[in-house]
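Data block below; observations after.
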Amino acid sequence: MSLLDAQRLHKAYGPTVVLGELSLALDENDRVGLVGVNGAGKSTLARILAGLEAPDAGELALRRGARVAYLPQRPSLRAGRSAREEVLAGLAEWRRAEARHERASAALAAGSGELGSLVEEQAAAAA
């Protein structure tokens, strides 16, 4: 299964259709850029994929454990936090997984611990 699978997404604001029957699938390691004129639906699509806005029609499926985040053009930052601090706070979960992976990798390299559980822990942290 793809990380993200969107089928026939449709979104309109009044008579203006910004997404018409859009379908896409994203797999691991895919990199995507959205390019278009103002009002083309780029931000709307990003908000729909992140679950912040519902499409008028269509289906969106994410692989279990996958998340889509959305950072608006004008983010609202918590009082006293810089944009960098906000981003770093959002990376906390990723940093914990990275540390778990490094610990399991080091234990595997040193030959300490039970091989099967270390490999499972490494794979779970990588996912």
Side-chain angles (χ1 to χ4, degrees):
M1 176 185 185
S2 299
L3 282 175
L4 179 147
D5 187 30
Q7 296 296 316
R8 300 172 312 282
L9 295 180
H10 180 87
K11 183 69 176 185
Y13 297 103
T16 305
V17 175
V18 292
L19 296 177
E21 301 296 312
L22 179 132
S23 295
L24 75 126
L26 298 176
D27 294 315
E28 284 191 50
N29 300 318
D30 281 354
R31 300 294 180 255
V32 177
L34 295 176
V35 179
V37 299
N38 288 345
K42 301 178 301 291
S43 295
T44 298
L45 174 60
R47 286 193 306 271
I48 289 171
L49 296 180
L52 300 175
E53 189 168 329
D56 296 332
E59 298 176 16
L60 176 64
L62 295 175
R63 184 165 58 186
R64 188 179 350 193
R67 291 183 321 167
V68 175
Y70 174 75
L71 180 63
Q73 291 177 6
R74 290 190 176 92
S76 56
L77 304 175
R78 292 185 190 139
R81 270 198 182 171
S82 68
R84 184 178 197 283
E85 290 167 330
E86 282 290 328
V87 169
L88 292 175
L91 292 173
E93 183 179 341
W94 179 83
R95 288 177 180 262
R96 286 190 297 274
E98 181 184 38
R100 284 177 48 210
H101 188 275
E102 288 177 2
R103 283 191 301 274
S105 297
L108 283 168
S112 61
E114 199 274 312
L115 179 65
S117 63
L118 286 172
V119 169
E120 286 178 19
E121 174 66 11
Q122 188 184 46

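Counting begins at 1 with the first residue of the sequence.
- With sequence neighbours excluded, no residue forms a side chain to side chain contact (heavy atoms under 4.5 Å, CB included) with A127.
- E85 and G80 get closest at one heavy-atom pair: OE1-O, 3.6 Å.
- Separating the CG atom in L45 from the CG atom in L24 is a distance of 6.5 Å, to the nearest 0.5 Å.
- Side-chain atoms of E53 and T44 form no donor-acceptor pair, as typed in the model, at a separation below 3.5 Å.
- Under a 3.5 Å cut-off, the side chain of S2 and the backbone N or O of D27 do not form any donor-acceptor pair.
- Under 4.0 Å is where a charged nitrogen must lie from a carboxylate oxygen, and between R67 and E93 at least one such pair does.
- Hydrophobic clustering, with ILVMFWY side chains joined whenever heavy atoms are under 4.5 angstrom apart, keeps Y70 apart from L34.
- Placement of L62 and V32 within a single hydrophobic cluster is found when ILVMFWY residues are connected by side-chain heavy-atom separations under 4.5 Å, directly or transitively.
- No donor-acceptor pair closer than 3.5 Å links the side chain of D5 to the backbone N or O of A61.
- Residue L108 is found in a hydrophobic cluster whose other members, listed by chain and number, are L115, L118, V119; membership requires side-chain heavy atoms under 4.5 Å apart, directly or through intermediates.
- Taking all atoms of both residues into account, the shortest heavy-atom contact from S105 to Q122 is OG-NE2, 2.7 Å.
- With hydrogens and angles ignored, the 3.5 Å screen pairs no side-chain donor or acceptor of K11 with any backbone N or O of I48.
- Taking 4.0 Å as the cut-off between side-chain N and carboxylate O, R63 and E28 count as a salt-bridged pair.
- When all heavy atoms of A6 and L49 are compared, the closest pair comes out as CB-CD2, 4.4 Å.
- Between the side chain of Q7 and the backbone N or O of L60 there is no donor-acceptor pair closer than 3.5 Å.
- Using a 4.5 Å heavy-atom threshold, the side chains of L19 and H10 count as separate.
- Sorted by first and then second residue, the side chain to side chain donor-acceptor pair (under 3.5 Å) pairs involving residues 107-119 (not counting sequence neighbours) are E114-S117.
- Scanning both residues, E59 and R8, for their nearest heavy atoms gives OE2-NH2, 3.8 Å.
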